[in-house]
Asker: 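This is the structure I have questions about; it appears just below.
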Amino acid sequence: MGPISRLRNRAHPTHLLRDGRSDGHEQSARRGADPGRGGVAAVSEVYEPRVIEERWRNVWRASGAFSADVERPGKKFYYLNMFPYPSGYLHVGHGRNYVIGDSVSRFHIMRGYNVLNPMGWDAFGLPAENAAIERGMHPREWTMKNISHAKEQFRAWGIEYDWDREVATCEPDYYRWTQWLFLRLYQHGLAYKKRASVNYCPDCETVLANEQVVGGVCERCGAAPVPRNLDQWFFRITDYADRLLEGLADLRWPEHVKKMQENWIGRSEGAEITFEVGSGHEIVVFTTRPDTIWGATFMVLAPEHPLVDELTTPDRREEVESYRAAAARASEIERAATDREKTGVFTGSYARNPVSGAEMPVWIADYVLTTYGTGAIMAVPAHDQRDFEFARAFGLPVRVVIRPEGEPEISADDLTEAVPALGVMVDSGPLTGTPAHMAMGHTIAHLEEKGVGRAAVAYRLRDWLISRQRYWGAPIPIVYCDRCGTVPVPEEDLPVLLPDVAYIGKMGLADIPGYADTDCPSCGGSARRDTDTMDTFVDSSWYFLRFVSARDGSQAFDPDRANAWLPVDLYVGGVEHAILHLLYARFVTKALHDLGYLAFEEPFERLFSQGMVCHTAYRCPQHGWVYPKEAEGGRCSQCGAELETAYFSMSKSKRNVIDPSEIIDRYGADTERLYTLFMGPPDRDIEWTEEGIRGAWRFLNRLWQLVVAQLPCVRSAPGPVVQAELDTEGRALRHKLHATIRKLTEEFEGRLGLNTAVAALMELTSEISEYCARPEPDLRLVAEATRNLVLLIAPVTPFLAEELWHRMGGSETVLRCPWPGVDPEALEVSEIELPVQINGKLRARLRVSASAASDPAALERAALDDANVRGHLEGKSVVKLIAVPGKMISIVVK
RNA sequence: GCGAAGGUGGCGGAAUUGGCAGACGCGCUGGCCUUAGGAGCCAGUGCCCUCGCGGCGUGCGGGUUCGAGUCCCGCCCUUCGCACCA
């Protein structure tokens, strides 16, 4: 059968099969069309993903296409997915992240880039430890099991990495260098120890960083943390607050992620002002509103403020002590409640307002936080809502010192709420009458002159608490010696190994007999090791550097290689890491830059946050979340109660995850990948539906049938297309082909609108099919179109593309084929259809030559010549005529 | 409360630079094929009507423009982040 008759048959494949094929073919054709029935056909004219996917699973790795040539970066592309914590298994929602990355990497490999796309495991940490405890396993065992399972899942998915560079943060080869990082920071004063009140999670039995307390509860387990005083290690990230803020400007990151980091750093400009207390003590406050100082009528200290003891007069002591004790007991969740009544007690002392001389009672109250600013405030009730509420609750004086511009003066007695707006200073001694835009500057100058204040900046960001009292993490490489004090473990003695003990449940290194006993590296006497491990965010704060030197036993990373390969060109991951991980990674990069290891300051040039995959979840009022199979007819299979349904991001706890193996077994990995990319814009949340996946499956079948039908044509190598010999339809198809090449190239390199890229491939497939069904298609064009179609879809559906490519006669992996180039000649058009608007309404379409389309005068003539247009103009006069070359013609009539 | 993102057919979404709204897919309707259909193929599918060379239409109300999903002003709703940060 010749190519042309095959082409025509393509439009009616069932006829084709009935006419000329054996029953066996028909059977397999039906199997192919209904993936549910399974079975292996001997001859595969039908699309059988199970067969072809297994055929190609190992070739890509063997081909070396995913092994970066790190020594010679050349035209490099460093792609990185946020490495996962190896949980039990990956669902299709996790898969989205990796499918995007795999497709983008395959595209860049085909484009000829030297692609570095490594993978590793964020293996230390509480989740692994807790999961292992539940199963009575050692966390190492649990972690290793999960890693090997996840790698098997990646293989089935067709997701490839440069596995020679695999790292796991729980391996001594890796955490040795995490400890090295700690020591470097310590040596340069960026790691320090202090006794601090910390959030302790009673369930997780560990200290949490401020950042891990979300909404007043433990981010991991939801328990309410209790305050505790412990000696803890901190990283001095606040030293970098300004640079972390400024560095955001030039990054190609989603705006909302930048904003979140900005808010987290929380830079506020203002002033520090010193207030004298009668007893000779001084209270220093931070304020963003120095211009309101004449309105400060009392002072408030945080209950934990160090001066409280000394300022408390004997008659107030009992009350103050009991308030402080209550505040210390109160959990974060209680203190964070914003809508509760203001509480506080008077210390008995008075401070003097340095500008007005007014006497100001000093109170303590828990609405002032010890961790922000100086832990003390001047209270200006007229112009700060919190101070206003406090003043009204305790009958303290209110003094108005600002008149908002363009508004009448306010009387303190009439106030029902504070007036925070900027304005003209009133009742402010020598500065009375200063307008809003000068108020801050003049007040600060005035304070400096009097020697009682200066401009200052405060940050919401706190130093990074890294100590954890748990087993499964990198031990802190510090020794305490009675004679030498705090002694860092010498670099050559690293790693400080996690003791190899049979795992017994929740514990820290302090619970392991003998672990702490050691010799002082300095004097050789007996000493004790630090028994804490590091926060896992330390592990992940530098892993992107390790990938360039993954097997290097002599250093954490080779600085030359790092400088050649980083910053990461494209970093893809979930928005849940928008603040902490990304901020810490940026901090460590800047610190290593300052220490001379790195030439660059920002680790991730471009960041892309993929959206989550949602799926229907069912909830029974009695039994909680139930699996879809327990939700027959919308009723609970256990109790028959009506179920609530809603869409949620996939999670085990909501029992709404889809296991990729179910989809891959039934439809193949390519269908899963295609659907994942097609169902919506990669940066938005999307809904997984069974119907949707069938659409992807149908498309791949159509594409497969089309290409298979054209194989004889492609193999006969009919030669290059001669543009001049194409007829109208041929030119149209070739135009479409090259527009699609351009479209895909732009999407992969630019905005990553992979859903529209897939849509473009669907359109192209349909147009090729239609063209092939014509009586006499140009075989050279058919060959060009089908070959390129296969190349274009290769990053998305690699198995199918590889199979078809080889059937076309390709010998090397499709990854080694150059990505198709755009032929500008194919994109030229001879004729174009332009809309004509009359009074803003679409009234006609005009077919004009390309040359006329670019000439406004010709367009005007053509429009006025058009019969349709003339009909609409009858009896009216043309007021205005606008011809936009190549776009449209707009006519205004009266 | 503050900040950000979003609101387009029955559904997911497209329209990338102010220029033909609804690409592509799902679903639905009709037809073909079939012993059968939770398979496949073909066609149709924004809404309304008086069925036309018609009217309306991108959360709501205004505005700019020859022309607005897109820009401006004012609201409403949804989601996310922060939230006593002085």
Side-chain angles (χ1 to χ4, degrees), chain A residues 11-15 18 29-37 215 254-260 262-264 266 268 270 285-289 292 300 335-340 342 365-369 371-380 384-387 389-390 458-462 575 578-579 675 678-681 683-696 698-699 701-702 743 746-747 750-751 753 755-756 758-763 766 833-845 867-868 871-872 879-882 884 886-893:
Chain A
H12 302 285
T14 44
H15 285 124
R18 279 207 310 160
R30 282 153 191 245
R31 281 199 208 103
D34 178 0
R37 301 204 180 164
E255 280 309 313
H256 69 281
V257 175
K258 289 190 187 184
K259 203 78 202 169
M260 282 160 81
E262 233 175 274
N263 291 342
W264 193 262
S268 295
V285 304
F286 173 78
T287 177
T288 54
R289 291 299 300 277
T292 63
V300 187
R335 282 185 66 164
T338 54
D339 49 358
R340 73 202 171 97
K342 292 273 177 297
D366 65 4
Y367 81 91
V368 174
L369 308 175
T371 46
Y372 183 78
T374 59
I377 61 160
M378 64 177 200
V380 185
D384 181 286
Q385 186 59 24
R386 295 153 300 183
D387 299 345
E389 285 165 20
F390 195 83
Y459 300 92
R460 207 188 83 107
L461 182 71
R462 323 260 161 96
V575 77
I579 300 175
Y675 177 54
F678 178 63
M679 60 183 157
D683 54 352
R684 244 189 274 168
D685 288 356
I686 40 170
E687 237 170 65
W688 181 279
T689 67
E690 185 63 21
E691 292 76 22
I693 198 115
R694 297 204 63 86
R698 273 198 288 264
F699 165 64
N701 271 279
R702 282 198 298 273
K743 162 89 178 163
E746 283 172 2
E747 293 297 359
R751 65 166 197 173
N755 55 326
T756 61
V758 171
L761 290 172
M762 289 173 168
E763 287 177 54
S766 297
E833 195 183 73
L834 293 183
V836 181
Q837 279 186 1
I838 296 171
N839 283 354
K841 293 197 196 310
L842 179 71
R843 293 301 186 189
R845 292 167 206 280
N868 230 335
H872 280 279
V879 177
K880 199 166 180 182
L881 210 158
I882 297 151
V884 186
K887 294 281 190 197
M888 58 146 23
I889 299 121
S890 187
I891 306 172
V892 189
V893 298

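Below, chains carry the letters A, B, ... as their sequence lines are ordered, and counting in each starts from 1.
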Asker: When you compare B:U35 with B:C56, how far apart are their C1' atoms, in angstrom units rounded to a whole number?
Answerer: 49 Å
Asker: What distance do A:S766 atom OG and A:R702 atom CZ have between them, rounded to the nearest 0.5 Å?
Answerer: 6.0 Å
Asker: Pick the P atom in B:G25 and in B:A36, then give their distance to the nearest Å.
Answerer: 29 Å
Asker: Evaluate A:R694 against A:E691 for salt bridge (Lys or Arg N to Asp or Glu O under 4.0 Å), listing each step before the verdict.
Answerer: CA-CA 5 Å; A:R694 297 204 63 86; A:E691 292 76 22; over 6 Å; no
Asker: As a test of the definition: with a 90° window around 0 for syn, would you call B:G9 syn or anti?
Answerer: syn
Asker: List the atom of A:V380, the atom of A:D387, and the distance in Å for their closest heavy-atom pair.
Answerer: N-OD2, 2.9 Å
Asker: State which of B:A86, B:A4, B:G3 makes the closest approach to the side chain of A:N263.
Answerer: B:G3
Asker: Check the interface with nucleotides 27-31 of chain B: list each N/O to N/O pair with the protein under 3.5 Å, or write none.
Answerer:
| from | atom 1 | to | atom 2 | distance (Å) |
| --- | --- | --- | --- | --- |
| B:G27 | OP2 | A:R698 | NH2 | 3.3 |

Asker: If the C1' atom of B:U65 is compared with that of B:U70, how far apart are they to the nearest Å?
Answerer: 13 Å
Asker: Shortest non-hydrogen contact from A:M679 to A:W688?
Answerer: CE-CE3, 3.5 Å
Asker: In whole angstrom, give the distance that lies between atom CD1 of A:I889 and atom P of B:G18.
Answerer: 21 Å
Asker: Take atom CD1 of A:I693 and atom P of B:C24, then tell me their distance rounded to the nearest Å.
Answerer: 21 Å
Asker: Please give me the minimum heavy-atom distance between A:A458 and A:Y372, naming the atom from each residue.
Answerer: CB-OH, 3.6 Å
Asker: Side-chain contact test, heavy atoms from C-beta onward, threshold under 4.5 Å: evaluate it for A:I377 versus A:Y367 and give yes or no.
Answerer: yes
Asker: In whole angstrom, give the distance that lies between atom NZ of A:K259 and atom C1' of B:G81.
Answerer: 12 Å
Asker: Can you tell me how far P in B:C26 sits from the matching atom in B:A43, rounded to whole Å?
Answerer: 14 Å
Asker: Any idea which heavy atoms bring A:L842 and A:P835 closest together, and the distance?
Answerer: CD1-CB, 3.4 Å
Asker: Classify the nucleic acid contact of A:Q385 as base, sugar-phosphate or nothing, counting any heavy atom under 4.0 Å across all strands shown.
Answerer: nothing
Asker: Determine the Euclidean distance between corresponding C1' atoms of B:C71 and B:G67; express it in Å to zero decimal places.
Answerer: 13 Å
Asker: List in chain and number order the residues that pass side-chain hydrogen bond (donor to acceptor under 3.5 Å, both in side chains) with A:E747, two or more places apart in sequence or in another chain; answer none if no residue qualifies.
Answerer: A:K743, A:R751, A:T756
Asker: Checking A:R289 now: which residues fulfil side chain to side chain contact (heavy atoms under 4.5 Å, CB included) with it, not counting sequence neighbours?
Answerer: A:T287, A:D291, A:T292, A:I402, A:L422, A:M440
Asker: Just to be sure I understand: a Watson-Crick pair is purine N1 to pyrimidine N3 plus N6-O4 or O6-N4, both under 3.5 Å. Using that and G-U wobbles, which stems of three or more pairs involve RNA chain B?
Answerer: B:1-7 with B:76-82, B:10-12 with B:24-26, B:27-32 with B:40-45, B:46-48 with B:54-56, B:59-63 with B:71-75
Asker: Using the side-chain hydrogen bond (donor to acceptor under 3.5 Å, both in side chains) criterion, which residues pair with A:T288? Sequence neighbours excluded.
Answerer: none
Asker: I need the CD-P distance between A:E763 and B:A23, as an integer number of Å.
Answerer: 9 Å
Asker: Counting the atoms with a prime plus P, OP1 and OP2 as sugar-phosphate, which does A:S766 contact under 4.0 Å by heavy atoms, base, sugar-phosphate, or nothing?
Answerer: nothing
Asker: In this structure, how many angstroms lie between the C1' atom of B:G1 and the CD atom of A:E389, rounded?
Answerer: 12 Å
Asker: What's touching nucleotides 8-14 of chain B from the protein side, N or O pairs under 3.5 Å?
Answerer:
| from | atom 1 | to | atom 2 | distance (Å) |
| --- | --- | --- | --- | --- |
| B:G12 | O2' | A:M679 | O | 2.9 |
| B:A14 | OP1 | A:N755 | ND2 | 3.2 |

Asker: Rounded to whole angstrom, note down the C1' distance from B:U45 over to B:U50.
Answerer: 23 Å
Asker: For B:G59 and B:U78, measure between their C1' atoms and round to the nearest Å.
Answerer: 11 Å
Asker: Between B:C11 and B:C28, how far apart are the C1' atoms? Round to whole Å, please.
Answerer: 11 Å
Asker: Is it the case that more than 12 heavy atoms not belonging to A:K258 sit under 6.0 Å from its NZ atom?
Answerer: yes
Asker: Apply the syn/anti split at 90° from 0 to B:C53 and say which one it is.
Answerer: syn
Asker: Relative to the 5' end of RNA chain B, which residue comes earlier, A:Y459 or A:F699, by the nucleotide with the nearest heavy atom?
Answerer: A:F699
Asker: Check the distance between B:G6's C1' and A:D683's CG and give it to me in whole angstrom.
Answerer: 12 Å
Asker: What is the distance, to the nearest angstrom, from the OH atom on A:Y675 to the C1' atom on B:G25?
Answerer: 9 Å
Asker: Any sub-3.5 Å donor-acceptor pair from A:N839's side-chain atoms to A:V893's backbone N or O?
Answerer: yes
Asker: Going by heavy atoms in the side chains, are A:I891 and A:R843 under 4.5 Å from each other?
Answerer: no
Asker: Could you list the protein-to-nucleotides 59-68 of chain B atom pairs, N/O on both sides, closer than 3.5 Å?
Answerer:
| from | atom 1 | to | atom 2 | distance (Å) |
| --- | --- | --- | --- | --- |
| B:C66 | OP1 | A:K880 | NZ | 2.8 |
| B:C66 | O2 | A:S890 | OG | 2.5 |

Asker: Select from A:E255 and A:T288 the residue whose nearest nucleotide in RNA chain B is closer to the 5' end of that strand.
Answerer: A:E255
Asker: With sequence neighbours excluded, tell me which residues meet side chain to side chain contact (heavy atoms under 4.5 Å, CB included) with A:A696.
Answerer: A:T671, A:L674, A:Y675
Asker: Of all the heavy-atom pairs spanning A:L834 and A:M888, show the shortest one and how long it is.
Answerer: CD2-N, 4.3 Å
Asker: Taking only residues two or more places apart in sequence or in another chain, which ones pass side-chain hydrogen bond (donor to acceptor under 3.5 Å, both in side chains) with A:E746?
Answerer: none
Asker: Please name all residues satisfying ring pair (Phe, Tyr, Trp, His ring centres under 6.0 Å) with A:F678, sequence neighbours left out, ordered by chain then number.
Answerer: none
Asker: Take nucleotides 46-56 of chain B nucleotide by nucleotide from the 5' end and write B, S or -, depending on whether a protein heavy atom sits under 4.0 Å from the base, only from the sugar-phosphate, or from neither.
Answerer: --------SSS
Asker: Applying side chain to side chain contact (heavy atoms under 4.5 Å, CB included), can you list everything that pairs with A:E833, at least two apart in sequence or on another chain?
Answerer: A:R845, A:R847
Asker: At 4.0 Å (heavy atoms only), tell me whether A:E833 reaches a base, stays on the sugar-phosphate, or touches nothing.
Answerer: base
Asker: Among B:G81, B:A86, B:G25, which is the nearest nucleotide to the side chain of A:M762?
Answerer: B:G25
Asker: Of all the nucleotides listed (B:C84, B:C24, B:A86), which has the minimum atom distance to the side chain of A:A759?
Answerer: B:C24
